[in-house]
Amino acid sequence: MSIGGAGRACSAVAAIVLLAGCGASLGGRQLRDDIGRATLRDIQLHVPEVLADHGYTINQTRQTVGRIYYETSWLYRAPFEDEVERGVQEVRTRFIVQGRRGGSDFFDVEVRVENAVRGILPSGEWSPLLTSDFRDHMRSVSDELMMNINAGVRVRGGL
C-alpha cells in the first residue's frame with residue numbers, strides 16, 4: 001500500500017471512530033432503568049404519586065391494552081454541585097415511565113430520564129449532561145418507583 005493509501009485508510013478509520021463517538025453521545029441523552037414488573041393498578045397508583053413527591057408533574061399519559069406511558073413536564077431545578085462545577089447555569093429534567101404488557105396481568109416497567117443544561121455551550125443552547133450527581137438523583141427516584149410498584153406484585157404473589 002502506498003503512503004497515500006495508508007493515509008486514506010487512517011482517515012477512514014478516524015472518521016468511523018468519530019462517527020461512532022457521535023452516536024454514543026447521542027445515545028447518552030437519556031438514562032434508562034428497568035425497574036421490574038407491576039400490575040396496571042400499581043403503575044397507575046404509584047407512578048404519578050412518586051413523581052409528584054419529587055416535584056414532577058405528569059404532562060402526558062397514554063394507555064392501550066399492551067402499554068402505559070407517562071411523561072412529565074420539564075422540571076426546572078437548581079443545578080447539582082457537579083453541574084455547577086462544569087459551568088451549568090440552568091437545568092431541566094423530565095421522567096418517562098413506560099410499562100409494556102409482559103404476559104398475564106403484569107407490565108415490564110422502564111424509566112427513562114432526560115437532563116438538559118444551559119451554560120456549557122457558547123451558543124446558549126440546551127445540551128444533554130449526565131453527571132454523577134444527576135445519576136444519583138435518577139437512581140433515587142427510580143429505586144423509589146421500583147419499591148412501590150414491586151411491593152404490589154409481591155403482596156399479590158404471596159396470597
Side-chain angles (χ1 to χ4, degrees), residues 8 10-64 66-102 107-153:
R8 282 191 294 276
C10 286
S11 295
V13 169
I16 290 168
V17 169
L18 180 62
L19 289 173
C22 290
S25 68
L26 290 174
R29 293 181 182 190
Q30 293 183 345
L31 289 178
R32 296 174 188 253
D33 194 15
D34 292 320
I35 61 170
R37 295 178 54 123
T39 64
L40 179 60
R41 181 184 181 288
D42 284 331
I43 295 169
Q44 291 171 327
L45 179 67
H46 295 295
V47 168
E49 175 183 67
V50 169
L51 292 174
D53 287 348
H54 289 274
Y56 294 92
T57 304
I58 301 294
N59 180 44
Q60 206 179 130
T61 304
R62 287 179 271 169
Q63 184 177 339
T64 64
R67 184 174 173 243
I68 187 163
Y69 176 92
Y70 291 97
E71 181 178 301
T72 69
S73 298
W74 287 102
L75 173 67
Y76 291 81
R77 60 171 179 78
F80 294 124
E81 188 176 316
D82 62 352
E83 292 169 331
V84 171
E85 290 169 359
R86 294 181 182 192
V88 170
Q89 298 166 354
E90 195 174 0
V91 184
R92 64 184 187 182
T93 303
R94 73 175 168 185
F95 275 76
I96 297 167
V97 179
Q98 182 170 284
R100 293 184 190 267
R101 189 172 298 277
F107 287 75
D108 296 316
V109 183
E110 175 188 71
V111 174
R112 295 188 318 245
V113 189
E114 298 175 334
N115 196 54
V117 302
R118 278 190 175 155
I120 59 175
L121 292 179
S123 66
E125 298 280 328
W126 288 103
S127 62
L129 181 64
L130 307 175
T131 65
S132 182
D133 288 347
F134 171 72
R135 289 173 196 275
D136 290 345
H137 167 68
M138 184 270 189
R139 174 64 60 198
S140 171
V141 177
S142 182
D143 286 351
E144 188 174 338
L145 283 166
M146 181 173 55
M147 287 188 312
N148 279 276
I149 68 170
N150 285 335
V153 171

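Worth knowing before you read on, the calculation uses all heavy atoms, side chains too, and leaves out hydrogens, waters and symmetry mates. None of these values were measured; they are calculated from a predicted model.
Between L75 and G55 the shortest heavy-atom distance is CD1-O, 3.4 Å. Closest non-hydrogen pair, D133 versus E81, comes out as OD2-N, 3.6 Å. The shortest heavy-atom contact between V141 and V50 is O-CG1, 4.3 Å. Of all the heavy atoms in R37 and N150, the pair that sits closest is O-OD1, 2.8 Å. Among all heavy-atom pairs drawn from E125 and S123, the shortest one is CG-OG, 2.9 Å. Heavy atoms only, all atoms of each residue included: Y70 and P48 are closest at CE2-CG, 3.9 Å.
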Start with the C-alpha gap between V109 and V97, add the side-chain angles, then the distance that decides, and say whether side-chain contact (heavy atoms from CB on, under 4.5 Å) holds. CA-CA 7 Å; V109 183; V97 179; 3.8 Å; yes
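Each of R62, R94, Q98, R112 was compared with E71 under the side chain to side chain donor-acceptor pair (under 3.5 Å) criterion, and only R94 meets it.
The shortest distance between side-chain heavy atoms of E85 and T131 does not fall below 4.5 Å. No side-chain heavy atom of R86 sits under 4.5 Å from any side-chain heavy atom of F80. You'll find the side chain of I58 reaches within 4.5 Å of the side chain of T72, heavy atoms only. Looking at heavy atoms from C-beta onward, V47 lies out of side-chain contact with F95 at the 4.5 angstrom threshold. Side-chain contact between L31 and F134: present, with at least one pair of heavy atoms (C-beta onward) separated by less than 4.5 Å. No side-chain heavy atom of M138 sits less than 4.5 Å from a side-chain heavy atom of L130. Side-chain contact between D34 and D108 is absent, with no heavy atoms from C-beta onward closer than 4.5 Å.
For N115 and E83, the side-chain atoms include at least one donor-acceptor pair closer than 3.5 Å. Side-chain polar atoms of T93 and R77 form a donor-acceptor pair below 3.5 angstrom. A donor-acceptor contact closer than 3.5 angstrom links the side chains of D33 and S142.
Using the six-membered ring where Trp is involved, H54 and H137 have ring planes that are perpendicular, over 60° apart on the 30 and 60° scheme.
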